Amino acid sequence: MSRHAHPPARPVDEHLRAVTAALRDLRPPVRTVPLGEALGRVLAEDLVAPLDLQPFDNAQMDGFAVRAADTAGDGGRGRAALAVVAPVPAGHVPPPLGPGEAAPVMTGAPLPPGADAVVPVEEAEPRGFPAAGATVRLPADQPPGRFVRRAGEDVRAGTTVLPAGRRLTPARIGLAAALGLDRLPVRGRARALVYTTGDELVPPGAPRGPAQVYDANAAILRAQLEEAGVEVLAAGLVPDDPAAFAARLAADAGACPDLVVTSGGVSEGAYEVVRQVLGGAGEFLRVAVQPGGPQGLARAHGVPVVCLPGNPVSTLVSFELFLRPALTAVLGAPAPRPRRTAPLAEPVRPLPGRTQVRRAVLEAGAVRMAGGPGSHLLAAAARADALAVLPPGTDELPAGTPVEVLVLDPPEGG
């Protein structure tokens, strides 16, 4: 290799490991939040049950609480006659059940002391709940434990029901509520600053010069970071001026971010402001992927800086390939994008030596490309509900070839 030759491009998987390693020290402080704010957060401590679930023996359905032994030996008639006593509504403590008695009991109501089975009301003769003092005939030979939810059957007090690091789903929040907990300790959200670079950019809504374009990347990255559970402290433009960028980094360090994400200025052109300022504090390289080849990792003021390329689709794809899964691995939430395999709906030609990530639409379980591969084609990205990951190759992939798909949104109507 000549002294001016470029080093080999880094494989995609290797760069993902590097980004994850750069974020490994992200440890936002623990917060205690109400259950209503816990969805999607990550449990910071083991959740230990303070009580049994169920907390007491109770009826699994509406019926008659009985002593199973009282239903045996009825002389072959198939039914046992029992004396009806006062009913047991849910939420009320019943008196003990005497021999030969049957207590009407509602679903979830405590089982009377002495009772060990529940006979569904549909099996009673006469059908329904007669008044106290009447006689009810129930099928003979009821087994003990029938339709009884035992105390501690689901959870025993003192057991760990959720380990730290679990993402809080509706079912897990419901479990905490059933255990009487109204607040949960969760990992705090990481805090990020976002910088997009380039004299050619102006913010949406501002006057645009004849050689300028509106900045889409700040909006893309803010949305992606917030979707990934990261609080964005600020997102805005910096000019192609190394001194101005360095001053902005120093001033914004006072906001105590956990992470800085930049877009643009990472390649080998004459005005690569991010590389000029941070090149001595990190690495800037090419990854064997299209779009999104130029990438960088650095540290500034003690904070990791993830440097993404500047074309809008390159920014979007780089986040999905590298930063989102790294944040998920380090912070535990939210859940990563689903990955699956699906057949191509049309032939596609891959790139030699590089992974190609194409915007795609899932149609009837097959993958159809959404627009061309160009990294400036943002409208195609807006139409896409998936990213198709095509491995390096020289031969055309025919329709029907299975490829890996990163699902961004469920297909419309799905």
Side-chain angles (χ1 to χ4, degrees), residues 11-17 19-20 40 167 169 216-217 219-230 261 263 287-293 295 306 308-329 333-393 395-414:
V12 170
D13 290 349
E14 183 178 330
H15 191 63
L16 172 56
R17 290 193 294 271
V19 176
T20 304
R167 187 172 62 93
T169 62
N217 291 0
I220 289 171
L221 286 172
R222 177 186 283 276
Q224 287 180 307
L225 284 163
E226 290 178 348
E227 189 180 47
V230 177
V261 183
S263 173
V287 176
V289 66
Q290 191 276 330
Q295 299 283 336
V306 178
L308 306 179
N311 279 313
V313 176
S314 298
T315 296
L316 187 149
V317 168
S318 296
F319 187 98
E320 296 299 337
L321 286 185
F322 304 123
L323 190 48
R324 185 187 298 276
L327 288 167
T328 298
R337 297 287 196 198
R339 287 181 179 260
R340 65 187 230 196
T341 299
L344 289 171
E346 58 194 339
V348 177
R349 184 168 294 280
L351 293 175
R354 287 188 292 170
T355 299
Q356 188 178 51
V357 182
R358 295 284 299 272
R359 286 131 283 172
V361 175
L362 294 170
E363 294 179 348
V367 185
R368 186 175 300 280
M369 300 303 108
S375 56
H376 62 292
L377 301 175
L378 190 54
R383 291 197 304 272
D385 55 33
L387 296 175
V389 183
L390 308 178
D395 296 332
E396 183 178 81
L397 303 176
T401 301
V403 296
E404 184 181 30
V405 174
L406 191 65
V407 180
L408 304 178
D409 277 318
E412 289 188 10

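No experiment lies behind these values; they were computed from the predicted model shown.
Side-chain atoms of Pro309 and Pro291, non-hydrogen and from C-beta on, never get closer than 4.5 Å to each other. Counting heavy atoms from C-beta on, the side chains of Pro392 and Leu351 never come closer than 4.5 Å. Taking the side chain as every heavy atom from C-beta outward, Met369 and Leu344 approach each other to under 4.5 Å.
A donor-acceptor pair under 3.5 Å is absent between the side-chain atoms of Ser314 and the main chain of Gly310, judged by distance alone.
Residue Arg340 comes nearest to Gly365 through the heavy atom pair NH2-CA, 4.2 Å, listed as atom of the first residue, atom of the second, then distance. The two atoms that bring Gly371 and Arg383 nearest to each other are N-NH2, 3.8 Å, heavy atoms only. The heavy-atom pair separating Ala360 from Val367 by the smallest distance is CB-CG1, 3.6 Å. Closest of all the heavy-atom pairs between Gln295 and Val287 is CG-CG2, 3.6 Å. Nearest heavy-atom pair across Phe319 and Leu327 is CZ-CD1, 4.3 Å. The two residues Ala288 and Val12 have their closest heavy-atom pair at O-CG2, 3.8 Å.
With sequence neighbours excluded, the residues that form a salt bridge (Lys or Arg N to Asp or Glu O under 4.0 Å) with Glu227 are Arg324, Arg337. In terms of the side chain to side chain donor-acceptor pair (under 3.5 Å) criterion, residue partners of Arg339 (sequence neighbours excluded) are, by chain and number, Glu404. Residues that satisfy the side chain to side chain donor-acceptor pair (under 3.5 Å) test with Arg354, not counting sequence neighbours, are absent from this structure.
The CG atom of Asn217 lies 9.0 Å from the CG atom of Leu308; values are rounded to the nearest 0.5 Å. The line from CG of Leu390 to OG1 of Thr401 is 10.0 Å long, rounded to the nearest 0.5 Å. Taken from OG in Ser318 to NE2 in His15, the straight-line distance is 7.5 Å, to the nearest 0.5 Å. The CG atom of Leu321 lies 8.5 Å from the CG atom of Leu16; values are rounded to the nearest 0.5 Å. Put simply, OG1 on Thr315 and CD1 on Ile220 are 6.5 Å apart, with the number rounded to the nearest 0.5 Å. Atom CG in Leu323 sits 9.0 Å away from atom OG1 in Thr20 (nearest 0.5 Å).
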